[in-house]
Amino acid sequence: MKKPVFRVLGVCSLVLGGIGVVLPLLPTTPFLILAAYCFARSHPEWEARLLNHPRAGPAIIAWRERGAIPLVAKRLATLMLAISAVVGWFSLPGDWRYLPSSIGVVILLWMWSRPSE
């Protein structure tokens, strides 16, 4: 019963990661890490394909081995969160304008506390 659930979660995570490639506010790498986790428990062949992928594989392996986030990913995430905070500041009404920057600060503090490659 667990294998089908993990397989569905893995596919959903993979789809969300794919959408995140073109949608700046949706992160790609965390969804690919989650997909690899789910596929490890449901479909090892698909996990192997993710781990052997030239772009996604090294980030997933670094996370698994050391909890590391590549420096380029940290910089890109910082830029995207800053853009989201600025857009939110000018487009959201009232106190809602503080939400994107508040969430961004929490995410960035955590992310920059993780080791780089």
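Hydrogens, waters and symmetry mates play no part in the numbers below; they use all other heavy atoms, side chains included. Just so you know, these numbers come straight off a predicted model, no measurement behind them.
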Problem - Heavy-atom pair of closest approach, residues Phe6 and Cys38 - result: O-CB, 3.2 Å

Exercise for the section: Search all heavy atoms of His53 against all heavy atoms of Pro58 and return the closest pair with its distance. Expected result: O-CD, 3.5 Å

Exercise for the section: Return the minimal non-hydrogen interatomic distance between Arg41 and Lys3, and the atom names on each side. Expected result: O-CG, 3.7 Å

Practice task
Identify the heavy atoms of Ala59 and Thr29 that sit nearest to each other, and give their distance.
Solution key: CB-CG2, 4.1 Å

Exercise for the section: Walk me through it: do Phe39 and Val11 pass the test side chain to side chain contact (heavy atoms under 4.5 Å, CB included)? Expected result: CA-CA 8 Å; Phe39 290 149; Val11 169; 4.2 Å; yes

Problem - Salt bridge flag under 4.0 Å for residues Arg7 and Glu45 - result: no

Practice task
Go through the steps for Leu50 and Leu14 under the test side chain to side chain contact (heavy atoms under 4.5 Å, CB included), then give the verdict.
Solution key: CA-CA 10 Å; Leu50 274 177; Leu14 192 60; 3.9 Å; yes

Which atom pairs, one a donor and one an acceptor, fall under 3.5 Å between side chains of residues 66-79 and the rest of the protein, sequence neighbours left out?
from, atom 1, to, atom 2, distance (Å)
Lys74, NZ, Arg114, O, 2.5
Lys74, NZ, Ser116, OG, 3.0
Thr78, OG1, Lys74, O, 2.8
Thr78, OG1, Trp112, NE1, 3.0

Fill in the blank from the handout: Taken to the nearest 0.5 Å, the spacing of Thr28 OG1 from Arg55 CZ works out to 10.5 Å

Practice task
List the atom of Ala56, the atom of Leu32, and the distance in Å for their closest heavy-atom pair.
Solution key: CB-CD1, 3.6 Å

Handout entry: Linked, directly or transitively: Phe90 and Tyr98 (ILVMFWY side chains, under 4.5 Å)
Key = yes

Handout entry: From Arg64 atom CZ to Leu51 atom CG, the distance as rounded to the nearest 0.5 Å
Key = 5.0 Å

Handout entry: Spatial distance of atom CG (Asn52) from atom CD (Glu47) [nearest 0.5 Å]
Key = 9.5 Å

Handout entry: Close side-chain approach of Val8 to Cys12, heavy-atom, < 4.5 Å
Key = yes

Problem - hydrophobic_cluster_shared for Trp89 and Val86, side chain cutoff 4.5 Å - result: yes

Practice task
Taking Ser101 for its side chain and Ala85 for its backbone only, find out whether a donor-acceptor pair lies under 3.5 Å.
Solution key: no

Problem - Greater than 12 external heavy atoms within 6.0 Å of Tyr37's OH - result: no

Exercise for the section: Give, for atom CD1 of Ile33 and atom CH2 of Trp63, the distance between the pair rounded to the nearest 0.5 Å. Expected result: 6.0 Å

Handout entry: Path from Leu108 to Leu99 over hydrophobic side-chain contacts below 4.5 Å
Key = yes

Problem - Joint cluster assignment, Ile60 & Met111, ILVMFWY side-chain distance < 4.5 Å - result: yes

Exercise for the section: Consider only side-chain heavy atoms of I, L, V, M, F, W and Y, link residues closer than 4.5 Å, and tell whether Leu81 and Trp110 are in one cluster. Expected result: yes

Handout entry: Smallest separation among heavy atoms of Gly10 and Ala35, with atom names
Key = O-CB, 3.6 Å

